[in-house]
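Here the structure comes first, spelled out in structure tokens, and everything after it is commentary.
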Amino acid sequence: MTDRSLSFPAPRALTIALLSASLLASPAAFSQQAILEGERFHPQESSHGMVATSHFLASEVARDVLAAGGNAVDAAVVAGFALAVTQPRSGNIGGGGFMLISDEQSDEVIAIDYRETAPAAAFETMFQDENGEAVTERSRFTHLAAGVPGTVAGLAMALEKYGTLSLAEALEPAIRLAEEGFVVPPRFVKGLQDTRGRFEAWDASMAKFFKEDGSAYQVGDLFQQPDLAATLKRIAEEGAREFYEGETARLIVAEMERHDGLITQEDLAGYQPVIREPSHGTYRGHDIYAMSPPSSGGAHIVQMLNILEEYPIGEMGFGSADSMHLMAEAMKRAYADRSEFLGDTDFVDVPLAGLTSKGYAAELRAQIGEQATPSAEIAPGNPVDYESNETTHFSIVDDNGLAVSNTYTINFSYGSGIVVDGAGFLLNNEMDDFSAKPGVPNAYGLIGGEANKVEPGKRMLSSMTPTIVKRDGKNYLITGSPGGSRIITTTLQVLMNVIDHGMNIQSAVSAPRMHHQWLPDEIRTEAGFSPDTLELLRERGHTISQQSAMGAAQSILIEDGMYYGGADPRRSTSSAIGL
Ligand code: GLY
């Protein structure tokens, strides 16, 4: 075990008043190699690249691609399609997401935005009743809930720009897994049991996820998906536009017409992924790149890190009341701003430069005292500078300087629960991520404002935060997570656990998590924090709510030519594999 006292002075009594007097800690200089020995949680280690996904079958096929000489983007696209088969609760071709790609050789970090869009016939009050009240059932479990899917176009764009495989080659493993089937693990069986009620409304959903007599798949059964295999084969043969203009598009539109959905042939034909510049910030000498709007993730992770950077978080220690108090205070201020300012920058101005500036962070920091500020006393701030519950994340790196951080989703576990008849895939219910009505929370309790109202062609605000941290110009930490509103804070904590607390990547991913999202005014915790610490937080005025596990941050850390994979133990199928 490393003698931590070499890096961290012994804990001492620090008052918040003292802390706020700019104690900018120097960049931590932990070596993964040095801190591995004797650790309770051990990462996967490799010298030639690493894959971390939430399903072992997807990790295996992606690792095979790297082993055969493919690059990280090839492997990521293969993993993305494989997850659509092996993990239908969140892996998808009927949803959307974001992919960050960092190419060390060109020193370029880009973001591919393949978020769903609102159909052309969508309108601001479509999820309100005649009295102007939000109707959540409509935005979650009907055909109106679906945005125009972006995954197929997004993965194809990544492959075309950075990959070496053809789309047909990248689809091969997914087609094989769908056609030949795979043996279902316990998590798969439990997921379908829990969601059965949602599927029962739709014949095609029952036919896909349950046996012919309506009985459930059991652990060890073979699960085959012939309709999905046929859809993937059509895409392999005809290209990505098949999904948007071919037989698959026809099946989606027919599904919409049968059930009063809005997505038309024109919506599908008009869908395009967009290359965007990621949000960028610095934290203790590291460069942080994370997803820019239409995700709120990048702006707010940078904002929170800017607030926290001036405190000696490492000295306070992981899980200390001091550090948790400061994190909660930073989180609630960021989420208050999210509720007001964030939306699709193609439609609304978002004060990104202000939100991510060190100056604005200093203003917010000045509001933080020793006691909790009640959320009722926090309103969205004035960042000024305007510039012209299931998701899945995977991280992949090759040994040629290419790193991929990808988060994609159909929103809820199994999305809307609606399978496109004849096409074998689930439709997302991402329209619920718009503000049904300004001020009314979505499924994750997130409040949205005018900036995130429904508009035709607009992308709904997301929290997905695929993140790449660079150190000295090199890819260093690749992470991200599912978890709805908790995505941003989960990702924040993986970063802080490595940079502030010197954890190895497996420990950073496994450590207990906390979360505050302004409203409700409570710190949500996982099990595992000391009751004494929680009591100290209560004494400072925080409300604590211990709930279920948060996130699944499949992560990779690169140091001294070694690749370390941290698979999140919160998912029984998580898997990191090196080569
Ligand atoms: N659907 C969850 C998110 O995009 O944040």
Side-chain angles (χ1 to χ4, degrees), residues 72-73 76-77 80 95-104 106-118 147-163 240 270-282 287-303 337-338 341-357 383 385-388 391 393-395 402-409 430 433-434 451-452 455 457-470 475 478-481 487-488 491:
V73 172
V77 173
F98 306 114
M99 181 183 285
L100 250 65
I101 301 173
S102 170
D103 181 356
E104 267 177 22
S106 62
D107 200 23
E108 183 183 49
V109 186
I110 64 132
I112 299 182
D113 164 7
Y114 58 97
R115 182 73 160 163
E116 302 90 330
T117 53
V148 181
T151 296
V152 172
L155 296 182
M157 177 185 261
L159 199 61
E160 201 178 296
K161 287 198 115 15
Y162 286 94
Y271 183 85
Q272 292 296 340
V274 182
I275 295 197
R276 299 195 190 273
E277 201 177 314
S279 294
H280 173 253
T282 57
D287 281 287
I288 315 294
Y289 296 91
M291 191 61 215
S292 44
S295 179
S296 56
H300 294 306
I301 206 164
V302 170
Q303 181 185 13
D337 282 347
R338 184 191 190 280
F341 298 114
L342 267 288
D344 180 350
T345 39
D346 291 345
F347 284 74
V348 291
D349 286 340
V350 176
L352 283 175
L355 285 169
T356 57
S357 73
D385 284 2
Y386 279 79
E387 276 180 348
S388 2
T391 296
H393 176 83
F394 54 85
S395 301
L402 211 49
V404 176
S405 179
N406 187 90
T407 316
Y408 75 157
T409 187
E430 218 68 67
D433 275 351
F434 279 118
N452 188 35
E455 293 181 73
K458 189 177 183 182
R459 284 157 153 88
M460 56 294 289
L461 183 59
S462 173
S463 297
M464 289 187 282
T465 315
T467 298
I468 296 179
V469 178
K470 292 180 80 170
N475 294 328
I478 295 92
T479 189
S481 179
I487 292 174
I488 315 174
T491 308

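Numbering of residues begins at 1 and proceeds along the displayed sequence.
Aromatic ring orientation, Y114 versus Y408: perpendicular (interplanar angle above 60°, classes split at 30° and 60°).
Checked by atom type and distance alone, the side chain of T151 pairs as donor or acceptor with a backbone atom of G95 at under 3.5 Å. No donor-acceptor pair closer than 3.5 Å links the side chain of T356 to the backbone N or O of V302.
Heavy-atom minimum distance, A403 versus N475: CB-ND2, 3.5 Å. Scanning both residues, G298 and A290, for their nearest heavy atoms gives CA-CB, 3.6 Å. In this structure, I488 and S463 approach most closely via the heavy-atom pair CG1-O, 3.5 Å. Taking each heavy atom of L155 and V77 in turn, the nearest pair found is O-CG2, 3.5 Å.
We find the CD-CG distance between E455 and D344 to be 8.5 Å, quoted to the nearest 0.5 Å. Interatomic distance, H300 NE2 to L355 CG, rounded to the nearest 0.5 Å: 6.0 Å. Separation of atoms CZ (F98) and CE (M464) is listed at 4.5 Å; rounding is to 0.5 Å. Between atom OG1 of residue T391 and atom CD1 of residue I487 there is a gap of 4.5 Å, rounded to the nearest 0.5 Å. Interatomic distance, OG1 of T479 versus CD1 of I301, reported as 8.0 Å (0.5 Å rounding). For the atom pair CD (Q303) and CG (L352), the distance works out to 10.5 Å, reported to the nearest 0.5 Å.
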**OP:** List the steps, then state whether side-chain contact (heavy atoms from CB on, under 4.5 Å) holds for I288 with T467.
**Re:** CA-CA 7 Å; I288 315 294; T467 298; 4.2 Å; yes
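Side-chain N/O atoms of H393 and S395 include a donor and acceptor closer than 3.5 Å. Residues S296 and R338 bring a donor and an acceptor atom of their side chains to less than 3.5 Å of each other.
Taking a cutoff of 4.0 Å between a charged side-chain nitrogen and a carboxylate oxygen, R115 and E430 qualify as a salt bridge.
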